[in-house]
Amino acid sequence: MKKINIAIDGPSAAGKSSVAERLAAELNYTHLDTGSMYRAVAYYVQSKKIALDDEEKIVDLLRKTRIAVEPDGTIEIGDLRLKEELYGNEISLAASDVSKLKGVRARLVEIQQEIAEEKGYILDGRDIGTVVLPHAEVKIYLTASAEARAQRRTKQNLEKGIEADYEQILSEIIARDYQDTHREHSPLMQAEDAILVDSSDLDLEEVIEKIVSIIEERLEKND
Ligand code: DC
């Protein structure tokens, strides 16, 4: 069956990465977590002691830096190879900061478009359906209430043995939602032709089932 590209956008902690990972395994597609690329840039910029809002220095640094994504999701950036380091709480807000910068977005979007040229990719992020892959055959906007997302994140952290305070997680989610939807360049929004999936009252299996049926319908039409 001919492969297509699938765009999954939505706010933070909506489960985009878990859903994309599962879908990729079921469909034999490749998952590209674009958020991890913004996280890697934030990590690298901080390692060079450059301020997160110094666009000129950051863009200049990136110009001289090789950025690549390995099949297992490890990001190679300059002399660093990053994976586990990218998922701390602190790096989330730093990633949101660098993602505001036009020059950073331009560089990462270019890499993402090159990777997806081949088809058979599931990209998850904030601007996939609107900017990175405006012609993606399937576009999903996966969201859930801030409270549902905070509850899930609290539970996940506690299960991993990480300290978690629901109220604090909720306020961080609300702050990131605000920052991601109000930035000047490519703010988070639902593409006109994206299908809205609200997972507030659905578990992971139900979300997967729903999205698989949307994809199958599209693939049948595409055949
Ligand atoms: O999906 P995530 O939480 O790993 O993303 C980290 C930050 O990067 C998030 O605050 C928004 C930003 N981001 C973006 O602006 N565009 C993307 N395609 C992916 C992430």
Side-chain angles (χ1 to χ4, degrees), residues 5-24 30-46 52-53 55 58-59 62 67 69 73-75 77 82-116 121-134 136 139-144 146 149-150 152-154 156-157 162 169-191 194 197 199:
N5 279 331
I6 299 165
I8 304 182
D9 291 298
S12 55
K16 298 184 299 293
S17 285
S18 318
V19 167
E21 198 63 33
R22 276 281 305 274
L23 287 174
T30 306
H31 170 213
L32 177 65
D33 171 359
T34 62
S36 68
M37 300 171 77
Y38 290 90
R39 289 169 181 269
V41 168
Y43 192 99
Y44 190 60
V45 164
Q46 285 181 320
L52 292 166
D53 59 355
E55 180 158 17
I58 294 175
V59 172
L62 292 187
I67 305 172
V69 187
T74 299
I75 311 284
I77 181 160
L82 305 169
K83 194 171 181 196
E84 307 305 333
E85 305 78 343
L86 299 179
Y87 294 95
N89 239 355
E90 249 169 66
I91 204 77
S92 302
L93 216 48
S96 184
D97 286 338
V98 294
S99 76
K100 287 188 219 159
L101 308 175
K102 195 175 175 197
V104 170
R105 304 203 67 83
R107 177 73 196 279
L108 295 187
V109 167
E110 195 185 318
I111 299 170
Q112 292 155 11
Q113 288 174 331
E114 256 169 44
I115 293 175
Y121 278 85
I122 303 177
L123 270 66
D124 82 279
R126 306 292 188 289
D127 59 342
I128 310 303
T130 51
V131 177
V132 180
L133 302 177
K139 296 183 187 178
I140 305 291
Y141 191 82
L142 181 63
T143 190
R149 287 181 280 140
R152 274 184 222 152
R153 189 48 54 92
T154 308
Q156 274 169 5
N157 286 357
I162 304 171
I169 291 179
L170 178 62
S171 70
E172 281 166 7
I173 283 179
I174 292 170
R176 269 220 290 157
D177 282 356
Y178 186 86
Q179 198 155 295
D180 293 343
T181 52
H182 287 77
R183 67 179 180 225
E184 187 185 353
H185 307 293
S186 315
L188 168 66
M189 61 174 163
Q190 184 179 342
V197 176
S199 73

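Numbering of ligands and ligand atoms starts at 1, following listing order.
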### Query
Which ligand 1 atoms, with their elements, are less than 4.0 angstrom from a heavy-atom of Gly125?
17 (C), 18 (N), 19 (C)

### Message
I need the atoms of ligand 1 closer than 4.0 Å to a non-hydrogen atom of Ser96, numbered in the order shown.
### Response
10 (O)

Do ligand 1 and [X] have nitrogen or oxygen atoms that lie under 3.5 Å from each other?
X      : result
Asp127 : yes
Asp180 : yes
Lys16  : no
Arg39  : yes
Asp33  : no
Arg105 : yes

### Residue portion contacting ligand 1 (non-hydrogen atoms closer than 4.0 Å) for His185
neither

### Query
Looking only at heavy atoms, is any part of Arg176 under 4.0 Å from ligand 1, and if so is it the side chain, the backbone, or both, or is it neither?
side chain

### Task
Run through Gln179, Arg149, Glu172, Arg153 and flag the one making a side-chain contact (heavy atoms from CB on, under 4.5 Å) with Ser12.
Arg149

### Message
Between ligand 1 and Arg183, can you find any atom pair, the residue atom being a heavy atom, that is separated by under 4.0 Å?
### Response
yes

### Query
Is Tyr178 atom OH crowded by more than 12 heavy atoms from other residues, nucleotides or ligands, each under 6.0 Å away?
no

Which residue owns the protein heavy atom closest to [atom], what's the atom, and how far is it?
atom                    : result
atom 19 (C) of ligand 1 : Thr34 OG1, 3.4 Å
atom 7 (C) of ligand 1  : Ala95 CB, 3.8 Å
atom 8 (O) of ligand 1  : Tyr38 CB, 3.6 Å

Distance (rounded to the nearest 0.5 Å) between [X] [atom1] and [Y] [atom2]:
X      : Y      : atom1 : atom2 : answer
Leu188 : Asp177 : CG    : CG    : 7.5 Å
Tyr38  : Asp180 : OH    : CG    : 10.5 Å
Ile77  : Leu62  : CD1   : CG    : 6.0 Å

### Task
Check the pair Tyr44 / Ile58 against side-chain contact (heavy atoms from CB on, under 4.5 Å), numbers first and verdict last.
CA-CA 10 Å; Tyr44 190 60; Ile58 294 175; over 6 Å; no

### Query
When you check the gap from the basic side-chain N to the acidic O, do Asp127 and Arg183 get nearer than 4.0 Å?
no

#### Entry: pair Ile8-Leu23: side-chain heavy atoms closer than 4.5 Å
yes

### Message
Between Thr34 and Gln112, do the side chains contain a donor N or O and an acceptor N or O under 3.5 Å apart?
### Response
no

### Query
Are a donor atom and an acceptor atom from the side chains of Arg152 and Ser199 found within less than 3.5 Å of each other?
yes

### Task
Check each of Arg126, Gln112, Lys100 against atom 9 (C) of ligand 1 and report the one with the nearest heavy atom.
Arg126

